[in-house]
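Notes follow the structure.
In this chain, residues are counted from 1 in sequence order.
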Amino acid sequence: GIWFAVRGNRRLFVYQELESRNQIEQVQVTKKTFDRFLFNKQYTSKNEGRSVKIRSLGEEAVKQEFSRIWAEHKQGIRKCNTIALIDQKG
């Protein structure tokens with residue numbers, strides 16, 4: 001079957017960005033019982049989930065902000081729980 005996330009696109013975006021920086025290769029998922037009402041209400045993908053679209057600020061703005069935060073993290077200026085956790089495991 002095919003797996004979908006109907007909530008958590010922000011997390012998916014962060015995982016994609018970390019993967020593109022060779023920081024993670026896989027993530028742990030929690031399988032939940034299928035809820036057709038929630039799925040039909042939340043699922044908006046036009047390409048079966050192959051990409052994540054961020055509607056609130058715009059994708060470019062979010063990517064730029066993530067890149068800025070990533071640069072600060074790598075310089076030791078900013079600590080992010082997710083990034084710090086991955087660094088400890090990596």
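Tyr15 and Ile24 get closest at one heavy-atom pair: O-CD1, 3.5 Å.
Residues passing the ring pair (Phe, Tyr, Trp, His ring centres under 6.0 Å) test with Phe37: none are found, sequence neighbours excluded. Residues passing the side-chain contact (heavy atoms from CB on, under 4.5 Å) test with Asn47 are Ser45, Arg50, Ser51, sequence neighbours excluded.
A tilted orientation is assigned to the rings of Phe39 and Phe34, their planes being inclined by 30° to 60°. Classified by interplanar angle (parallel below 30°, tilted 30° to 60°, perpendicular above 60°), the ring pair His73/Trp70 is tilted.
Contacts classified as salt bridge (charged side-chain N to carboxylate O under 4.0 Å, His left out) and involving residues 17-27 (residues at least two apart or in different chains) are given here: Glu17-Arg21.
To the nearest 0.5 Å, the span separating CG on Leu38 from OG1 on Thr33 amounts to 12.0 Å. For the atom pair Ile69 CD1 and Lys74 NZ, the distance stands at 14.5 Å (nearest 0.5 Å). Taking OG of Ser20 as the start and NZ of Lys63 as the end, the distance is 8.0 Å to the nearest 0.5 Å.
Contact check for Leu18 versus Phe13: no side-chain heavy atoms found under the 4.5 Å cut-off.
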